[in-house]
Amino acid sequence: VQLQAFGGGLVQAGGSLRLSCAASARTFSSYAMAWFRQAPGKEREFVAAISWRGASTYYKDSVKGRFTITRENAKNMVYLSMNSLRPEDTAVYYCAAHDPLKTGWRSQYSARDEYAYWGQGTKVTVSS
């Protein structure tokens with residue numbers, strides 16, 4: 001599975017961005033998906049995840065109510081809509097596809113080890 005994230009950029013605090021991730025998987029609906037981010041000097045952290053058909057979504061507490069993860073299986077796409085952006089949201093954002101050999105995703109969706117495939121990242125900078 002190859003993933004390509006795009007849509008990052010520079011935005012003022014309070015602004016919005018929509019990140020997109022294109023997947024090459026033949027059976028995209030077989031993969032739960034997630035977004036992670038990594039700020040300079042910090043570890044990569046979980047942001048949001050979505051189940052195989054999009055029925056379930058999960059979020060990092062600090063982005064709840066501001067970010068929305070969605071997917072379009074017919075287009076092999078996953079999105080992260082980000083509103084009310086804050087300077088602390090500045091990071092490189094990565095999309096990731098769940099390892100189908102792992103069966104504990106619903107309880108481990110925020111763990112990096114659950115994901116076998118990663119995109120190259122797209123940079124989001126929020127100015128104050």
Closest heavy-atom contact between [X] and [Y]?
X: Ser29; Y: Asn73; value: CB-ND2, 3.4 Å
X: Glu114; Y: Gly104; value: OE1-C, 3.9 Å
X: Ser16; Y: Ser84; value: OG-N, 4.4 Å
X: Ala116; Y: Asp99; value: CB-CB, 3.6 Å
X: Ala49; Y: Tyr115; value: CB-OH, 3.9 Å
X: Ala13; Y: Ser128; value: CB-CA, 4.3 Å

From the options Glu45, Glu43, Lys60, Arg112, select the one residue that forms a side chain to side chain contact (heavy atoms under 4.5 Å, CB included) with Phe36.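 Filter result, single survivor: Arg112.
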
How long is the gap from [atom1] on [X] to [atom2] on [Y], to the nearest 0.5 Å?
X: Gln4; Y: Thr122; atom1: CD; atom2: OG1; value: 9.5 Å
X: Tyr94; Y: Arg37; atom1: OH; atom2: CZ; value: 13.0 Å
X: His98; Y: Ser51; atom1: NE2; atom2: OG; value: 11.5 Å

Indicate yes or no for a side-chain donor-acceptor contact from Asn76 to the backbone of Ala25 under 3.5 Å, with no hydrogens or angles considered. yes

Between Lys102 and Asp113, is a salt bridge (charged side-chain N to carboxylate O under 4.0 Å, His left out) present by the stated rule, with each step listed? CA-CA 9 Å; Lys102 294 184 180 290; Asp113 289 349; over 6 Å; no

Heavy atoms from other residues, nucleotides or ligands near CD of Gln2 exceed 12 (cutoff 6.0 Å):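 12 or below, so no.
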
With ring centroids as reference points, do Phe46 and Tyr109 lie under 6.0 angstrom apart?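 Under 6.0 Å, so yes.
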
My understanding is that a hydrophobic cluster links ILVMFWY residues whose side chain heavy atoms are under 4.5 Å apart, including indirect links. Using that, what else belongs to the cluster containing Leu80?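 Grouped by the 4.5 Å side-chain rule, Val1, Leu3, Val11, Leu17, Leu19, Phe28, Tyr31, Met33, Trp35, Val47, Ile50, Tyr59, Val63, Phe67, Ile69, Val78, Met82, Leu85, Tyr93, Tyr117, Val124, Val126 form the rest of the cluster around Leu80.
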
Output the rest of the hydrophobic cluster of Tyr79: all Ile, Leu, Val, Met, Phe, Trp and Tyr residues reachable through side-chain heavy-atom contacts under 4.5 Å, sorted by chain and number. Phe6, Met77

Is the NZ or CZ atom of Arg71 both under 6.0 Å from the centre of the six-membered ring of Trp52 and within 45° of that ring's axis? no

Worked verdict on Arg106 versus Ser56 for side-chain contact (heavy atoms from CB on, under 4.5 Å): CA-CA 9 Å; Arg106 288 199 180 274; Ser56 300; 3.3 Å; yes

Does the pair Asp61/Lys64 count as a salt bridge with the N-to-O cut at 4.0 Å?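 Salt bridge between Asp61 and Lys64, a charged N being under 4.0 Å from a carboxylate O: yes.
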
